[in-house]
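Remember, it's a predicted structure, so these values are computed and weren't measured experimentally.
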Amino acid sequence: MSRIYDLKEKLSSRAYIGIFILRIFVSLRLLYGVIDNIVSWEQMLEFSGFLHINGFPFPVISAILSVYIQAIGGLLILIGYHIRLASLVLVINFIIAALVHIRLGDSIEAMTPALAILFCCLAFIFMGSGKLSISKP
């Protein structure tokens, strides 16, 4: 029984490692999701077309804004700098994304990537970045 307690204590005292692992996953997923739009103007225009069809104002500006919010937010989460502010902006972005999915009648499976980022960012707002970051926890 004491071995289990010792393991629990060791893991609890290293919770910041779990936050760091989650930060790596979220940031890499964010960057993976937008890198094509950053390196290819045609991809950005395709995303802009999707936003236009779905009634977004200024679709090109909206596309650029969404893509760079995700890219910069992903980098900030990765390094742990102003993670709460970055996560708050990303929460707004992904609430909008989830609402678009709902409006389109997408399945929960189709919404899962956006919802996962949304809920992880909500958690980061409360947890902060942990010890392994540029910012102080």
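With rounding to the nearest 0.5 Å, the separation of OG in Ser48 from CD1 in Ile64 is 8.0 Å. Interatomic distance, CD1 of Ile83 versus CD1 of Ile134, reported as 11.5 Å (0.5 Å rounding). The OG atom of Ser12 sits 12.5 Å away from atom NZ of Lys10, with the distance rounded to the nearest 0.5 Å.
More than 12 heavy atoms of other residues, nucleotides or ligands sit less than 6.0 Å from atom NE2 of His101.
Smallest separation of non-hydrogen atoms from Asn54 and Arg103: OD1-NH1, 3.2 Å. The two residues Pro57 and Ser62 have their closest heavy-atom pair at O-OG, 2.7 Å. Residues Phe47 and Asn37 approach most closely at CB-OD1, 4.0 Å, considering heavy atoms. Taking both residues in full, the closest heavy atoms of Gly80 and Ser133 are given as O-CB, 3.5 Å, listed atom of the first, atom of the second, then distance. Here the shortest heavy-atom pairing between Gly128 and Ile19 reads O-CG2, 3.9 Å.
Proximity of Phe94 to Leu30: side-chain heavy atoms (C-beta onward) are separated by under 4.5 Å at one or more points. Within the 4.5 Å cutoff, the side chain of Leu115 has heavy atoms near those of the Leu118 side chain. Put simply, the side chain of Phe56 reaches to within 4.5 Å of the side chain of Val100, judged on heavy atoms. Proximity of Ile102 to Met111: side-chain heavy atoms (C-beta onward) are separated by under 4.5 Å at one or more points. Residues Ile125 and Cys121 are not in side-chain contact: their nearest non-hydrogen atoms beyond the backbone lie 4.5 Å or more apart.
Judged purely by atom type and a 3.5 angstrom limit, Arg23 uses its side chain to pair as donor or acceptor with the backbone of Leu132. With hydrogens and angles disregarded, a donor-acceptor distance shorter than 3.5 Å links the side chain of Arg84 to the backbone of Phe126.
Ile24 and Val26 fall into different hydrophobic clusters, where Ile, Leu, Val, Met, Phe, Trp and Tyr residues are linked whenever their side-chain heavy atoms come under 4.5 Å apart, directly or through other members. Leu11 and Phe20 are members of different hydrophobic clusters when ILVMFWY side chains are connected at heavy-atom separations under 4.5 Å. Linking Ile, Leu, Val, Met, Phe, Trp and Tyr whenever their side-chain heavy atoms come within less than 4.5 Å puts Ile92 and Leu51 in one cluster. Hydrophobic clustering, with ILVMFWY side chains joined whenever heavy atoms are under 4.5 angstrom apart, groups Leu65 together with Val91. There is a path of hydrophobic side-chain contacts, each under 4.5 Å, that joins Val89 to Ile95.
Scored by the side chain to side chain donor-acceptor pair (under 3.5 Å) test, Ser40 finds Glu42 as partners (sequence neighbours excluded).
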>> Under the criterion side chain to side chain contact (heavy atoms under 4.5 Å, CB included), I'd like the reasoning laid out for Phe124 against Leu22: C-alpha separation, chi angles, the key distance, then a yes or no.
In response: CA-CA 9 Å; Phe124 290 145; Leu22 187 59; 3.9 Å; yes
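A donor and an acceptor atom, one from each side chain of Gln43 and Asp36, are located under 3.5 Å apart.
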Identify every side-chain donor-acceptor pair in residues 68-79 under 3.5 Å, counting partners at least two apart or on other chains, and give the distances.
unit_1, atom_1, unit_2, atom_2, d
Gln70, NE2, Ser66, O, 3.4
Gln70, NE2, Ser66, OG, 3.1

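Residue Val39 belongs to a hydrophobic cluster whose other members are Ile35, with links defined by side-chain heavy atoms closer than 4.5 Å.
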